[in-house]
Every structure is written in C-alpha cells, then in structure tokens.
Undergrad: 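Mind having a look at this structure? Questions to follow.
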Amino acid sequence: MNDAVLTSQEQDFPRWYQEVIAKAELADNGPVRGTMVIRPYGYAIWERIQAELDSRIKAAGVPNAYFPLFIPESYLHRESEHVEGFSPELAVVTHGGGKQLEEPVVVRPTSETIINAYFAKWIQSHRDLPLLVNQWANVVRWELRPRLFLRTTEFLWQEGHTAHATQDEARDFALSILHDVYEDLMVEMMAVPVFTGRKTPRERFPGADESWTCEGMMRDGKALQMGTSHELGQRFAAMFGTTFQSETGELEHPWQTSWGVSTRLIGAVIMAHGDDRGLRIPPRLAPVQVVVLAARAGEGVSEAASAIASELETAGVRVALDDRMDVSYGRRVTGWELKGVPLRVELGPRDLAASSAMVVSRFDGAREQVAFTGLAASVASLLETMQRRMLDEARERRDATVDEAASVEELLAAAKEVQGARLARQVGSQAGQDDSEVTARGSTARFARVPYGALRQAGEAELAAVGLSVRCLTAEDGGLPVGLAEGDCIALVAKAY
RNA sequence: CGGGGAGUAGCGCAGCGGUAGCGCACCUGCUUUGGGAGCAGGAGGUCGCGGGUUCAAAUCCCGCCUCCCCGACCA
C-alpha cells in the first residue's frame, strides 16, 4: 500500500528518470539503438512546446520552410570544422534503389550546408537580406550513449537559419533569439530558470564563430544545455559562394546565424520539476492542466463531473475527465500524479451534497474545498499561482547550489568532496546508517563560478578529467559578455548531461 | 575504442545437470472503489544464436551476437 511508485530521486536519479518516462507513458526505446518512440502523452508535451515556440519564432519575423533529409556528402566537406565536428556521428546512405550510389548521401545531422546551398541561389542583393527561415525537422546524430529525450540518435527539433548584411545585425539577431524566444519560453512557460552565456571554444558549435547558450540546472544538480544560438560569421557563405551586392555596389558575403532547440526540452521539464511521485508539469506547458475525477460512484456524480469538465473547458482550461469507476480511486490518482497534471478536481457524493469539489495541487499536494460557483475562476488563479511558484522553487534550488571558486585547484577539490560525499552516503546507507547528515552537505552536483582567466583551455582539460565542463561564460554580474575578452569572463562550471 | 557486468514471460528477477519458476503487469468472474483493492480461475517461453559433452543441458565446454554500466565525443 505504501510502496513507492518510483525509485526515489535521491536513491538513484538516472533510474528514477527512466522509470518516470515509462510509467508516465512518455516514450519507449526504439528497435534501433538510440532511437525513441514518443508516445502520445510525451508527444502532446512536445506539441505544446512547438506551438509556443512556433508563435515566438514567427513573432521574431521568421517563417517556416522545409529542406531535404538527405544531404550530398560533399556539402559537409565544404566547411572543415563543421565536417570535423560532425563526421563521427554521421549516418551515411550508400545504397538506393538497389544500387550503390555514385555519391553517398548523409542523413542531416543539422542543415547549415544544404540551406546555404540555397541561400547562395536566393541571395543576390542587399535587398534580399535579411533572409530568415526556420524548419521543424528530425535530425540524426549517431550517438554512442543514448538516453531518452536527452541524447538520442534521432531527435526532433527546430532549426533557424538567417543571413544578414552586417555582423552586428547577425549578432543582435542571434541574441534576440536567445532571449526573446528561448529564454522566454524556458522561464515563462517551462518554469525552468536558465543561465545564458557564451560557449568556450572547446564547447562551440562546429563551424561557428560564437555560440550562445541557455543552461538549465536539473534537480540532481547537473547542467543541461537547453538551447543554443550561433553566430556563423561568413564561413559558410564563403564556402558556398553566397554573395550580395551592397548599397555601394560591392560584392560581400552575408553574416549568418543558426539556432535550435530539441525534444531534449522534454527531458529538462522532467528533471527540473519531477519529484518522487512523478512528473510535475508547469500549468502553461501542461497538455492536461486539470483532471476532473469522479472519486466515488454515487447518484449524479459522473454527470456533475462531466458538467464541471465542460465548464472548465469553456473557460479555456485544458481538461481531462476521469470517471472510470472500474479502476480504483487510488490507482487513478497515482496515474495522474505520475503524469504531472497540475490540478485534480475531485468529486464524490459528499462533495456533491455540499455543492463543492476538492481541488488538489500536484505542486505541493495542498487540498482545498472549492464551491461550484466560482470554480472556474479559482482553478484559473490556482494554475497561475502554481506556475509562478514552480519557477520560484526551481530558481531557489538552483541559486542555493551555485558556489564561488577562485581557482582550478579549488574546483577540483570541491569536485572530489562531492564524489566523496556521494560515496560515503552509499556506504552509509548500505550499512543502514541514517544518511541525512551526509546528504545535507555536498551530496549533489553543483555549479561553480570561477574567473575564466584562472582557468583557460588547459584548466578546462583538467576539469574534463573529473567530469566537469565550462557550461558558459558570463560577465561578472551574470549578464551576457558581449564584446568582453574571454579572460575577463566568469566561467560557469558544472557536471553536464 | 579501453575497463566492468548481463542475456530466462510485457517489465523486474530466481533457478546453475533431471517436467520452466516467482513478483508486478495481462485475461475471465464475483466482491470492491474518498490514496496503487481482495479472492478464485486463466493465458503467456526456441531459457540471445550456433556447435559440442552427456542417457539427459537454461545449467558444463567452445565460438559468435546483443544489451547495460563506467571512461573519450555530443542538441
């Protein structure tokens, strides 16, 4: 009866992650290693992300288009860093129509090259700029160590590609996507606070001059790269011969950007908010915001539940009705909790007699008796409050686990302490000890801020040896280090997914 | 690719020479239903693949394949 539904996060976070994905019916492994079947409930979450992202992207002036899945292998080779970066994870098709192909085609790992081949045709004059396109697509990167949603061989994403007349305009565009589209979506809709910053050369997109990133922190203290926006400079334009005639009549290469977020965001929501009972999906993101649950059979209960569901739906709430009386109350409650539905409106004979319903929050389990009159208004306000509290909670948790470090040595020592604490905790719990004290200090991974001047590339390699990486560079005050020399930046260091 | 494990029912596992098992899930029926219900009955297997040893192999031997975990690369 009191058996836990899931392995607890504290006991084994990766296992909790796998279990919650299976039990909330989000996804399954595909038959080919690294592939993923996204089940209806998981796909519904993706559709919510898509809908919100798509409208923000369109608001930024970028229309959708579609480019082919297959790319001539030779295209990849035109930009040396690009091909170097992607070669190890390419899927290459050598046969078609029963015959060996004269030139192999690669399954797109990203579309910079093929899109540039067409930008080169479409761009002639400064009047053709800026040229802005976005595409929703699947891409393939052969992964050695796949994890559902976080790193799969095939994944779904959105990739935007733009060409501009000047470097400044390209940079401004890349940064506005980072803030007004990505950060806004992650913070306002997904309730996941993110650090924004610049990637170090080591972590940069292959072929980019500059990569900008949104980094979230998961409940186990690890970082997750949630979205990136790149300044590609003129390198692809040069390789594909993309030129435009400027106002003064000169032939110039355009300055380009590309940017993308993927189904990885679903993993972010799972790991940033989920708890030992399952998912907790922020109301604005949730495909189902409220489930109206007939708690116990009785005269008119199903009818009343159905009426309430309709009323909420009319009020603009995404609602599900659960009046399955052949499944026990407890099982149904557990199921909706696993799926992370923000609010449960429960209705039984007792409630019906009192003309009220029991409203239960998935955020903190709080229950509240709410009269039928004004139920829709209460629900709407509870949802908005929950959205804000989820963001606050995530931000507090994150900020409580960001440390300052002065040197690489200090970082390495801290990393070892964390590993040691984790080990001690494992040994302690095996010995049946009360591990709360050990757990309280340093048992989770954490972020650290360290001056990049004290770190540099040599230091980054040292950190990599203990599983740490520089997630991004920020200015001293946490802002974007636009135009700042790397040595004057603060490096945000963490273990990452 | 380097190091460590594991392949037995949908999932998780036990069995380690002698008729293929357990828990959960599934099907049928009855009783239940305000926090994963109970009882009874039932369905489900090429024990990863190939060879060998043996009267007899899930079990022992040889070869192969696959998967998982830890490292190097990644949205």
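So you know, we letter chains A, B, ... as the sequences are listed, proteins then strands, and number each from 1. These values consider heavy atoms only, across backbone and side chains, with no hydrogens, waters or symmetry-generated copies. Remember, predicted model here, so these are calculated numbers, not experimental data.
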Undergrad: Below 3.5 Å, does any donor atom in the side chain of A:Arg344 face an acceptor in the base of B:rG35, or the other way round?
TA: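 For A:Arg344, whose side chain was compared with the base of B:rG35, there is a donor-acceptor pair (under 3.5 Å).
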Undergrad: For the side chain of A:Thr228, counting heavy atoms from C-beta on, which of B:rG35, B:rA75, B:rG34 is nearest?
TA: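 Nucleotide nearest to A:Thr228's side chain: B:rA75.
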Undergrad: Over all strands shown, is A:Asp326 touching base, sugar-phosphate only, or nothing at heavy-atom distances under 4.0 angstrom?
TA: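 No contact.
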Undergrad: Does the structure place the NZ or CZ of A:Lys339 under 6.0 Å from the centre of the six-membered ring of A:Tyr41, at an angle of no more than 45° from the ring's axis?
TA: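 Satisfied, under 6.0 Å and within 45°.
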Undergrad: Select base, sugar-phosphate, or nothing to describe what A:Ala22 touches, counting heavy atoms under 4.0 Å on all strands.
TA: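 Here A:Ala22 touches no strand at all.
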Undergrad: For B:rC47 and B:rG5, measure between their P atoms and round to the nearest Å.
TA: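 About 26 Å, rounded to a whole number of Å.
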Undergrad: Within the structure shown, what part of the strands sits under 4.0 Å from A:Arg350 by heavy-atom distance: base, sugar-phosphate, or nothing?
TA: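 Base, at least one base atom sits under 4.0 Å.
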Undergrad: Taking atom C1' in both B:rU54 and B:rG36, compute the distance separating them and give it to the nearest angstrom.
TA: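 That atom pair is separated by 49 Å.
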Undergrad: For A:Leu382, what residues pass the side-chain contact (heavy atoms from CB on, under 4.5 Å) criterion, not counting sequence neighbours?
TA: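 Checked A:Leu382 against side-chain contact (heavy atoms from CB on, under 4.5 Å); matches are A:Leu343, A:Val359, A:Glu368.
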Undergrad: Which is true for A:Leu265 with a 4.0 Å heavy-atom rule: it touches a base, it touches only sugar-phosphate, or it touches nothing?
TA: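 If one applies the 4.0 Å heavy-atom cut-off, A:Leu265 turns out to touch nothing in the nucleic acid.
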Undergrad: Across the strands shown, which category fits A:Arg147 at heavy-atom distances under 4.0 angstrom: base, sugar-phosphate, nothing?
TA: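 If one applies the 4.0 Å heavy-atom cut-off, A:Arg147 turns out to touch nothing in the nucleic acid.
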Undergrad: Tell me whether A:Phe155 and B:rA75 count as stacked here, given that the ring centres must be under 5.5 Å apart and the planes must differ by less than 30 degrees.
TA: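 The base of B:rA75 is stacked with A:Phe155 (centres under 5.5 Å, planes under 30°).
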Undergrad: Report the distance from atom CH2 of A:Trp259 to atom C1' of B:rA75, rounded to the nearest whole Å.
TA: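 Interatomic distance, CH2 of A:Trp259 to C1' of B:rA75: 15 Å.
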Undergrad: Heavy-atom distance under 4.5 Å between the side chains of A:Glu89 and A:Thr153, does that happen here?
TA: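 No. Closest side-chain heavy atoms not under 4.5 Å.
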Undergrad: Aromatic ring centroids of A:Phe236 and A:Phe119 under 6.0 Å?
TA: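 Centroid distance A:Phe236-A:Phe119: not below 6.0 Å, so no.
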Undergrad: Say we look at B:rG17 and B:rA56: how far apart would their C1' atoms be, to the nearest angstrom?
TA: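 Approximately 8 Å lies between the C1' atom of B:rG17 and that of B:rA56.
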Undergrad: Name the nucleic acid region contacted by A:Arg277, choosing base, sugar-phosphate or nothing; use a 4.0 angstrom heavy-atom cut-off, strictly under.
TA: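 It contacts base atoms.
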Undergrad: May I ask you to say what A:Gly348 touches in the nucleic acid, namely base, sugar-phosphate or nothing, with a heavy-atom cut-off under 4.0 Å?
TA: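 Since a base atom lies under 4.0 Å of A:Gly348, the category is base.
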Undergrad: With sugar-phosphate meaning primed atoms plus P, OP1 and OP2, does A:Val327 contact a base, only sugar-phosphate, or nothing at under 4.0 Å between heavy atoms?
TA: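 Base, at least one base atom sits under 4.0 Å.
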Undergrad: Where each residue is assigned the nucleotide of RNA chain B containing its nearest heavy atom, which of A:Tyr497 and A:Val333 is assigned the position nearer the 5′ end?
TA: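 Its nearest nucleotide being more 5', the pick is A:Val333.
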Undergrad: Would you classify A:Thr152 as touching base, sugar-phosphate or nothing, given that sugar-phosphate means primed atoms plus P, OP1 and OP2, and contacts are heavy atoms under 4.0 Å?
TA: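 Result for A:Thr152 = base.
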